[in-house]
Amino acid sequence: MPLTPLVYWAQRHEDIYLRVELTDAQDIDVHVHENILQFKAQGHGAKGQHDYEFSLEFLSPVKPEVIHRSTQRQVSITVKKGQHGWWERLTLKERKPVFLAPDFDRWLDESDAEMEIREKDEKKNRLKASRHKEEEGFISLKTAFLFVYNLVQFLGFSWIFVNMTVRLFIFGQDSLYDTFHTISDVMFFCQILAAVEVLNAAFGVVHSGVIPTLIQVVGRNFVLFIIFGSLEEMHNRPVVFFVFYLWSAIEIVRYPFYMLGCFNTEWKTLTWLRYTIWIPLYPLGVLAEAVAVIQSIPIFDETKLFSIPLPKALGTSISFSFVLYIYLVLMFLGLLINFRHLYKQRKRRFRTKKRKAN
């Protein structure tokens, strides 16, 4: 016949803890049905190696999920109370079973248990406050970094745009021919700094697509450093003015928008410009870049700059202009990718605003 093991119990406001004195228990079966816990197992108990079992009808409802863990010395059982609270006893009957005794290793009075809960809550609150401070510190540092970066870029492109506009009014058409000499240093600085945007997107500092950002930064720097920077013959071309002017016209709207975004602030007019002005300016900018690339092809063919030498047996070399033809194709593919990306951004932004307004 199955025997009854020694069972020790303790409670908290949420849980019931049972400790079954059964060594090397096997074939353990523990479940709760209609508020009655039933236990069966085989092991070495108070009366040696036998089958042991017991049942307990709890004072109040409990949840059917039971957690049990067996060690070489005992079986530990945890039962969740149906409602948080303190029970005056474990079983429905006032007279407790003879095999049941308090587990003084885990025993707490109600006041001690409440103090334990308060201590746990205070510890959680301290941990939460500590994490919140760390997050605030990180957010503040990140916000400061992004704000300063966008401010520097805004000032740089504003200087370019204002300088070119003023020179156009003062010198007229003549200002188109010396744009590179007067503007290029600041443009070089701003476009080198723009590489930070790719890193920000790649490392999750900002929620932006890496590919569209990379396409724009690499595309502009290719035109700036390879087409304009390496060819003196391109320095006096009017196309430089149009490329620089279109770039800066886009950026003097984009960077202030990001600056306000650092502080969750919005100016509706600026937001509309940010998501609209690119529609005419971005394709015009790519078209100006394409014109610059096309104008540079005869110069690269003539100067042999960046040409790829082939073995002497072939007696020739591959002109860099072949790379430029491929780049022209990639440029317009990049235009399609970025245009689609920007259009989705605009649609999502104004659709969200419309929903909020409704």
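- For the pair Lys81 and Trp86, the distance from NZ or CZ to the six-membered ring centre is under 6.0 Å and the angle to the ring normal is within 45 degrees.
- Asn200 places a side-chain heavy atom less than 4.5 Å from the side chain of Leu146.
- A distance of 11.5 Å separates CG in Leu92 from CG in Leu56, rounded to the nearest 0.5 Å.
- The environment of CZ in Phe225 is crowded: more than 12 heavy-atom neighbours from other residues, nucleotides or ligands sit within 6.0 Å.
- Taking the side chain as every heavy atom from C-beta outward, Ile77 and Val30 approach each other to under 4.5 Å.
- When side chains are defined from C-beta on, Trp107 counts as touching Trp9, because their heavy atoms get closer than 4.5 Å.
- The number of heavy atoms from other shown groups lying within 6.0 Å of CD (Gln49) is above 12.
- With Asn163 contributing its side chain and Trp159 its backbone, the two residues share no donor-acceptor pair below 3.5 Å.
- Taking 4.0 Å as the cut-off between side-chain N and carboxylate O, Asp174 and Arg167 do not count as a salt-bridged pair.
- Rounded to the nearest 0.5 angstrom, Asp15 CG and Lys63 NZ are separated by 9.0 Å.
- Side-chain atoms of Trp247 and Gln216 form no donor-acceptor pair, as typed in the model, at a separation below 3.5 Å.
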Carefully, step by step, assess Arg19 and Arg106 under the rule side-chain contact (heavy atoms from CB on, under 4.5 Å). CA-CA 10 Å; Arg19 177 164 58 87; Arg106 305 194 68 168; over 6 Å; no
Might you work through the side chain to side chain donor-acceptor pair (under 3.5 Å) test for Thr271 and Glu266, ending with a clear yes or no? CA-CA 7 Å; Thr271 300; Glu266 183 179 4; 2.9 Å; yes
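- Proximity of Met259 to Leu151: side-chain heavy atoms (C-beta onward) are separated by under 4.5 Å at one or more points.
- Contact record, Leu231 with Ser296: CD1-CB, 3.7 Å, taken as the closest heavy-atom pair.
- Taking the side chain as every heavy atom from C-beta outward, Leu193 and Val152 approach each other to under 4.5 Å.
- Under the 3.5 Å distance criterion, with hydrogens and angles disregarded, a donor-acceptor pair is assigned to the side chains of His31 and Gln38.
- Environment of CD in Glu302: sparse, with no more than 12 heavy atoms of neighbouring residues, nucleotides or ligands closer than 6.0 Å.
- No more than 12 heavy atoms of other residues, nucleotides or ligands lie within 6.0 Å of CZ in Phe169, so this atom counts as exposed by the packing criterion.
- In this structure, Leu37 and Val62 have side chains that are not in contact, with every pair of non-hydrogen atoms separated by 4.5 Å or more.
- Tyr52 and Thr4 make their closest contact through CD2-C, 3.8 Å (heavy atoms, listed as atom of the first residue, atom of the second, distance).
- With hydrogens and angles disregarded, no donor-acceptor distance shorter than 3.5 Å links the side chain of Thr143 to the backbone of Leu141.
- Linking Ile, Leu, Val, Met, Phe, Trp and Tyr whenever their side-chain heavy atoms come within less than 4.5 Å leaves Leu324 and Leu330 in two separate clusters.
- Between Phe257 and Tyr275, a ring centre-to-centre spacing shorter than 6.0 Å is recorded.
- The structure places CG of Leu328 at 10.5 Å from CD of Glu289, a figure rounded to the nearest 0.5 Å.
- One N or O on the side chain of Thr71 and one on the backbone of Gln74 form a donor-acceptor pair closer than 3.5 Å.
- Between Arg12 and Leu108 there is a side-chain heavy-atom pair separated by less than 4.5 Å.
- Looking at His50, its side chain does come within 3.5 Å of a backbone N or O of Lys47 through a donor-acceptor pair.
- Remark: side-chain polar atoms of Gln11 are paired, donor with acceptor, to backbone N or O of Trp87 under 3.5 angstrom.
- In this structure a side-chain-to-backbone donor-acceptor pair under 3.5 Å is missing from Ser175 to Phe171.
- Around atom CZ of Arg340, no more than 12 heavy atoms belonging to other residues, nucleotides or ligands sit under 6.0 Å away.
- Taking the six-membered ring for Trp, Phe306 and Phe320 have ring centres closer than 6.0 Å.
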I'd like to know whether Leu168 forms a side-chain contact (heavy atoms from CB on, under 4.5 Å) with Leu176, so could you lay out the CA-CA distance, the side-chain angles of the two residues, the decisive distance to 0.1 Å, and finally the verdict. CA-CA 8 Å; Leu168 183 62; Leu176 303 181; 4.3 Å; yes
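- Clustering ILVMFWY residues whenever any of their side-chain heavy atoms sit less than 4.5 angstrom apart, transitively, puts Val7 in a cluster other than the one holding Ile67.
- In summary, Lys40 and Asp51 do not engage in a salt bridge, as defined by a charged side-chain N under 4.0 Å from a carboxylate O.
- Note: Phe241 and Phe180 fail the aromatic proximity criterion, with ring centroids not under 6.0 Å apart.
- Inspection of the Asp103 and Tyr17 side chains reveals no N or O donor paired with an N or O acceptor under 3.5 Å.
- Inter-residue side-chain proximity for Glu65 and Val32 is flagged as unmet; no heavy-atom pair is nearer than 4.5 Å.
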Could you go step by step and tell me if Ser76 and Leu18 meet the side-chain contact (heavy atoms from CB on, under 4.5 Å) rule? CA-CA 6 Å; Ser76 298; Leu18 301 175; over 6 Å; no
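- A salt bridge between Arg220 and Glu251 is present, with a side-chain N of the basic residue lying under 4.0 Å from a carboxylate O of the acidic one.
- No side-chain donor-acceptor contact under 3.5 Å links Asp301 to the backbone of Ser319.
- Atom CD of residue Gln191 and atom CG of residue Leu224 lie 6.5 Å apart, to the nearest 0.5 angstrom.
- Looking at every heavy atom in both residues, Gln72 comes nearest to Thr23 through O-CG2, 2.7 Å.
- A donor-acceptor pair under 3.5 Å is absent between the side-chain atoms of Asn35 and the main chain of Glu57, judged by distance alone.
- Nearest heavy-atom pair, Tyr282 versus Gly334, reported as atom, atom and distance to 0.1 Å: OH-O, 4.0 Å.
- When each of Leu333, Val286, Ile215 is checked for a side chain to side chain contact (heavy atoms under 4.5 Å, CB included) with Asn338, only Ile215 meets the rule.
- Checking side-chain atoms of Glu53 against main-chain N and O of Ala41 turns up no donor-acceptor pair under 3.5 Å.
- Distance check, rounded to the nearest 0.5 Å: CD of Gln42 to CG of Asp24 gives 11.0 Å.
- Between Tyr258 and Phe147, the ring centre distance reaches or exceeds 6.0 Å.
- The two residues Ala201 and Ser208 make their nearest non-hydrogen contact at CB-O, 3.6 Å.
- What you find for Ala288 and Leu246 is that their closest heavy atoms are CB-CD1, 4.2 Å.
- Under the 3.5 Å distance criterion, the side-chain polar atoms of Lys96 are matched with a main-chain donor or acceptor of Leu100.
- Counted by atom type alone, Tyr149 and Glu197 present one or more donor-acceptor pairs between their side chains at under 3.5 Å.
- Follow the hydrophobic side-chain contacts under 4.5 Å out from Leu214 and you never reach Tyr327; the two are in separate clusters.
- Connection of Phe244 to Val218 is not established within any shared hydrophobic cluster, with ILVMFWY side chains joined at heavy-atom distances below 4.5 Å, either directly or through further cluster members.
- In this structure, the separation between CG on Leu342 and CD1 on Ile337 is 12.0 Å, given to the nearest 0.5 Å.
- Follow the hydrophobic side-chain contacts under 4.5 Å out from Trp272 and you reach Ile277 in the same cluster.
- In summary, the side chains of Tyr245 and Thr179 do not present any donor paired with an acceptor at a separation below 3.5 Å, with no hydrogens or angles considered.
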Kindly indicate, with the supporting measurements, whether the criterion side-chain contact (heavy atoms from CB on, under 4.5 Å) is fulfilled by Cys190 and Phe157. CA-CA 7 Å; Cys190 289; Phe157 281 106; 3.7 Å; yes
